[in-house]
Structures are given as C-alpha cells and as structure tokens.
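Sequential numbering from 1 along the given sequence is applied to the chain's residues.
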Amino acid sequence: MKIGSSILAARRLVLLSAVAAVGLASAACSDDNNDNTGPTVPRMYNQVQRLGNPLVSEVLLSKRSHPTHGSIGPDQDASLVAPEVVDFLTTVAGRDPAYIQAIAPALIPDVLIVDTSKDPSSSAVGWLTWLPQLGGGYGGRKLEDDVTDLALTAVFGSALGDAAHATPGLTTDNVAFDSPGVTATFPYLAVPN
C-alpha cells in the first residue's frame, strides 16, 4: 500500500508541476499589448563626444574646450562655442568680419546639413555645397570627400571669397584619399588598409 500511495503522490506532483508550467508559459505568451509603458526606471546617458563639421572641435576650439563641446547639443553652440570659433577665425586665421559672417552658418551650429528636398543625383553633393555662395547644392558628403582639406579651405582659403586674407599654404593636410576603392554596394568602402 505504501508503494501505491507514493506513486499517486508522485503523479500528483508531476501533474501540479505540469499545470504550473503551462500556466506560466501561457502568461508569458500573452498577446495583450496594452502594457507598452517601457522600463519603469529612467535611464540617463552621458554624451561623450560630438563632431559634426570637420575640424570645428579639432582646430577651431582649444583643447580645454573639447569636454564642453562634446557634452552640449547643437542648440547651445551659438552661446558656448561661437565666441571661441569667431576668435580663432579673427586672430589665428586673420579673416575679416564679412568672411566670418559668410562662413559662420557652415560652422555654427556644429552639424552636418543635407537638404533632402533636392534631388541628390542632380545637385552638387559635398560638405559645404548647401551654402548659397557655393551653388546651393545638396550638402552632405561623398565618401571620397577630403573633409579635412575642405574644412581647411573654408577657414584659410578663398572658397567663399576674401582671397586677400587667405592663407593658401594652410588649405591642405597633404594627405591624399588613400582608400583602395569605393564600391557601389554596402559597405561601399573597400577593406581597411
């Protein structure tokens, strides 16, 4: 009799375990999508760096300003970044106020601009091409664009006029585009070299 009651107890335990497992599985597979509240604990993120236009942080701002520039958004550039950029353009680059006024929209706020209302196949694509002075193109950049030389030309060259105050010797880093090729399929660049 003892063996029979042990078997019966074991069967009950297996049955209860199976019922519990089915109950848990069906609760986990609920199709009730009314609870889309997301995580209950707010998450905080720290922005570490931000680079939009080439060389804004790396050339136009002093090293001590990098943490500030990297931790703010473009909406704060006019008040926190622009004074130092204007100072660099005036004192180091020797640009006159009219040139600084012309180049300012390309540097502040520090963002890349792409005019998606234009047909990219018919508009000029390139870092500063969205500026009216440079043809009012599409903006953005091509993979093979030498953004360092383009930025140096904008700061020290005569891309936007003012050839009298240009410093042509500072318009290139003398590093050529050295990718073995740009392809028509993703990832578009050849393997790193």
Side-chain angles (χ1 to χ4, degrees), residues 45-179 182 188-189 192-193:
Y45 299 94
N46 289 325
Q47 179 174 306
V48 176
Q49 188 54 276
R50 171 176 65 97
L51 293 174
N53 285 320
L55 302 183
V56 168
S57 175
E58 301 304 315
V59 171
L60 302 178
L61 298 178
S62 62
K63 195 70 168 167
R64 70 177 174 270
S65 298
H66 287 196
T68 299
H69 176 260
S71 65
I72 63 173
D75 59 322
Q76 296 175 294
D77 283 350
S79 60
L80 298 175
V81 175
E84 191 168 345
V85 168
V86 169
D87 182 61
F88 182 93
L89 292 171
T90 304
T91 60
V92 177
R95 305 319 294 243
D96 64 23
Y99 190 84
I100 294 170
Q101 188 69 27
I103 194 72
L107 303 173
I108 303 297
D110 184 13
V111 294
L112 290 177
I113 295 176
V114 177
D115 185 350
T116 59
S117 70
K118 296 184 178 179
D119 179 5
S121 64
S122 63
S123 297
V125 177
W127 177 50
L128 292 177
T129 61
W130 62 270
L131 286 171
Q133 304 94 312
L134 294 177
Y138 187 79
R141 61 179 276 207
K142 298 179 290 250
L143 290 172
E144 62 272 12
D145 280 352
D146 188 337
V147 293
T148 302
D149 281 2
L150 290 170
L152 289 170
T153 298
V155 172
F156 294 106
S158 58
L160 301 176
D162 191 26
H165 295 96
T167 311
L170 298 177
T171 58
T172 183
D173 62 356
N174 296 305
V175 176
F177 180 69
D178 64 351
S179 179
V182 176
Y188 306 110
L189 291 174
N193 54 0

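Without hydrogens or angle criteria, Asp149 side chain to Asp173 main chain gives a donor-acceptor distance under 3.5 Å. Within the 3.5 Å criterion, the main-chain N or O of Asn174 finds a donor-acceptor partner in the side chain of Thr172.
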Thr148/Val175 under side chain to side chain contact (heavy atoms under 4.5 Å, CB included): CA gap, chis, key distance, verdict:
CA-CA 9 Å; Thr148 302; Val175 176; over 6 Å; no

Pair Thr68, Ser65 - check side chain to side chain donor-acceptor pair (under 3.5 Å), show working.
CA-CA 5 Å; Thr68 299; Ser65 298; over 6 Å; no

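Nearest heavy-atom pair across Gly157 and Tyr99 is O-OH, 3.6 Å. Smallest separation of non-hydrogen atoms from Ala154 and Ile103: CB-CD1, 3.6 Å. Listed here is the closest heavy atom pair of Phe88 and Val155: CE2-CG1, 4.1 Å. Asp110 and Asp77 get closest at one heavy-atom pair: N-OD2, 2.7 Å. In plain terms, the two heavy atoms of Pro105 and Ala102 that are nearest each other are CD-O, 3.4 Å. Of all heavy-atom pairs between Pro83 and Ala78, the closest is CD-O, 3.9 Å.
Between His69 atom NE2 and His66 atom NE2 the span is 8.5 Å, to the nearest 0.5 Å. Annotation: the span from Ile113 atom CD1 to Tyr138 atom OH amounts to 13.0 Å, rounded to 0.5 Å. Taken to the nearest 0.5 Å, the CG atom of Leu80 stands 4.5 Å off from the CD1 atom of Ile72. Rounding to the nearest 0.5 Å places CD1 of Ile108 at 10.0 Å from CD of Glu84.
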